[in-house]
Amino acid sequence: MNWRKLRTLFLWAFALSLIPATRYYQIDVPLLHFLRGHHVDPLSLHLAGEFVENNLGTEQNSDGSVTVRMIAQQYLFIPHCIVVPVGVPVHLRITSADAVHSLTFNGTDYAVKVLPGTVSQTQLQFPKAGDYKTVCREFCGAGHYAMRSEVKVVPRDQFPALQPGERGTCAAQ
Amino acid sequence: MLRNNRSASAANLPRPKAALTLGFTLLVTLAACALLLQAGASPPDRVPSNVAWTPETIAAASSGDAFRGLLLAKRCGHCHGDEGFSARASTPNLAGLNKLAIWKQLEDFRTQKRLSHAMDPIAASLSTRDEAEVVAYFSRLPVFTDPQDNRAFPQSRPDQGHAAIATHLVSFGDGERGIPPCQACHGPVAYRPGVPSLMTQNTDYVLIQLEAFANGTRTNDINEPMRTIAALLTEEERKALAEYYGSGLGLQSGSSTSPK
């Protein structure tokens, strides 16, 4: 039994395991999606498919939860202003049109890595109402430091009743 | 009534009463199906532009012959100027602009994703190949270091306040509202594919386009960046930016013009 080797291994394992503790709580490692074969074409998101313009935003699901679809691109999150109800599960589906971004919400510890070519899917919940700024936390180019958007979390009675084909958004356009 | 010898079927259709009932049921079922399908049918997708920057598209748009483009562009000089600098404030300068940027706009005019009374018939008469040649020509027209040489007519500099506002937006954007710096996409720091340089552009044209993006008249930006940004800017900021670019302030602070 080579105790020295075992000790070295143990120390390396311990040191490397500290790295995740220093990061934001990263959910849904999108790299795995590639292995499972889930691909979207980042260049043609606007032409057809799930991430066309009129399908972005908040969709009401029949079980009370909402699904939010977003695109991250240099240097904006689209739609720029999202509205979700407080306290319900939010299924977030986001993909990138170009570089690697990371969607984080100020005031929470959620961070969602967004890769081009695959869809990051995760579930969030906002227990408190209010306006949350979203910030990109993965360097994506010259405009990275100004890449922000907004999430408005509203009480359920203020959340608009959405039709099946309608998507909620509070963007200026 | 004909009797079918092999008839083991329970339908026995030749009877008029049964036929009517069956027909009626079928009609009601079809109507119900049509209604249900219509209720679930989603509205058509809203596509901003038919252009996608795949390697094939980029290759097709960048491989035009500039000499053929010169011949095709003879009639463009009426509005856009013989040297690519337009004498009309509301018509854009095209000299030295990135090939992909002009090509995308021509394609959008041709496919009616961007509407313009002047450009629609012209773009309709050009094929994709012709467009590549025309843009190759315009991208090779020279631009100069002195801003006044890049305009067919002098355009006034912004006042102190507007210059400060515009310089800040161009260099840093606004993190509070989430507006990225203009220079990260429009240059000189970086040029995104299909995004035009603004440093040699006319003031009024920039202002008209920013306002068109802001009020939703122009919608051909892929994934809505310009519509979002223009709507977030105030009217004064849009004016300041138009004056900044139109007077060539951007050119003086930048080190190079856009990549061809």
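Convention: sequence-line order gives letters A, B, ...; per-chain numbering from 1.
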**OP:** Without swapping roles, check the side chain of E237(B) against the backbone of T234(B) for a donor-acceptor pair under 3.5 Å.
**Re:** yes
**OP:** Quick one: closest heavy-atom pair of I222(B) and V51(B), and the distance?
**Re:** CD1-O, 3.3 Å
**OP:** Taking heavy atoms only and a threshold strictly under 4.5 Å, list by residue number the residues of residues 146-153 of chain A that touch chain B; give 'none' if the list is empty.
**Re:** A146(A), R148(A)
Subject >> chain B-proximal positions within residues 61-77 of chain A [heavy-atom distance under 4.5 Å] >> reply: I71(A), Q73(A), Q74(A), Y75(A), L76(A)
Original post:
Do Q125(A) side-chain atoms and G87(A) backbone N/O form a donor-acceptor pair below 3.5 Å?
Top reply: yes
**OP:** Test salt bridge (charged side-chain N to carboxylate O under 4.0 Å, His left out) on E107(B) and R110(B) and set out the steps.
**Re:** CA-CA 5 Å; E107(B) 268 290 291; R110(B) 193 176 66 85; 3.0 Å; yes
Subject >> Portion of R192(B) that has a non-hydrogen atom of chain A nearer than 4.5 angstrom >> reply: side chain
**OP:** Check for a donor-acceptor pair, side chain of K113(B) on one end and backbone N or O of N220(B) on the other, with a separation under 3.5 Å.
**Re:** no
**OP:** Heavy-atom pairs under 4.5 Å with chain A are the metric here; pick the option from G173(B), C185(B), P225(B) that has the most.
**Re:** P225(B)
Original post:
Could you name the residues of residues 174-182 of chain B that have a heavy atom within less than 4.5 Å of a heavy atom in chain A?
Top reply: G175(B), E176(B), R177(B), G178(B), I179(B), P180(B), P181(B)
Original post:
Would T91(B) and N202(B) satisfy side chain to side chain contact (heavy atoms under 4.5 Å, CB included), going step by step from the backbone distance to the final call?
Top reply: CA-CA 8 Å; T91(B) 305; N202(B) 285 333; 5.7 Å; no
Subject >> Euclidean distance, I165(B) CD1 relative to T167(B) OG1, rounded to 0.5 Å >> reply: 9.5 Å
Original post:
With sequence neighbours excluded, what pairs up with D159(B) under the side chain to side chain contact (heavy atoms under 4.5 Å, CB included) test?
Top reply: H162(B)
**OP:** Apply salt bridge (charged side-chain N to carboxylate O under 4.0 Å, His left out) to R129(B) and E133(B), showing your working.
**Re:** CA-CA 7 Å; R129(B) 180 98 212 114; E133(B) 285 158 2; 3.6 Å; yes
Original post:
At a heavy-atom separation under 4.5 Å, does I78(A) approach chain B through its side chain, its backbone, both, or neither?
Top reply: side chain
Original post:
Is it true that a side-chain atom of H101(A) and a backbone atom of E138(A) form a donor plus acceptor pair closer than 3.5 Å?
Top reply: no
**OP:** Please state whether the rings of F14(A) and F10(A) are parallel, tilted or perpendicular, taking 30° and 60° as the class boundaries.
**Re:** parallel
Original post:
For V83(A), does its backbone N or O pair with a side-chain atom of T58(A) as donor and acceptor, under 3.5 Å?
Top reply: yes
**OP:** Describe, in one word, how the ring planes of W53(B) and W103(B) are oriented to each other, choosing from parallel (under 30°), tilted (30 to 60°) and perpendicular (over 60°).
**Re:** tilted
**OP:** Please state whether the rings of H144(A) and F139(A) are parallel, tilted or perpendicular, taking 30° and 60° as the class boundaries.
**Re:** perpendicular
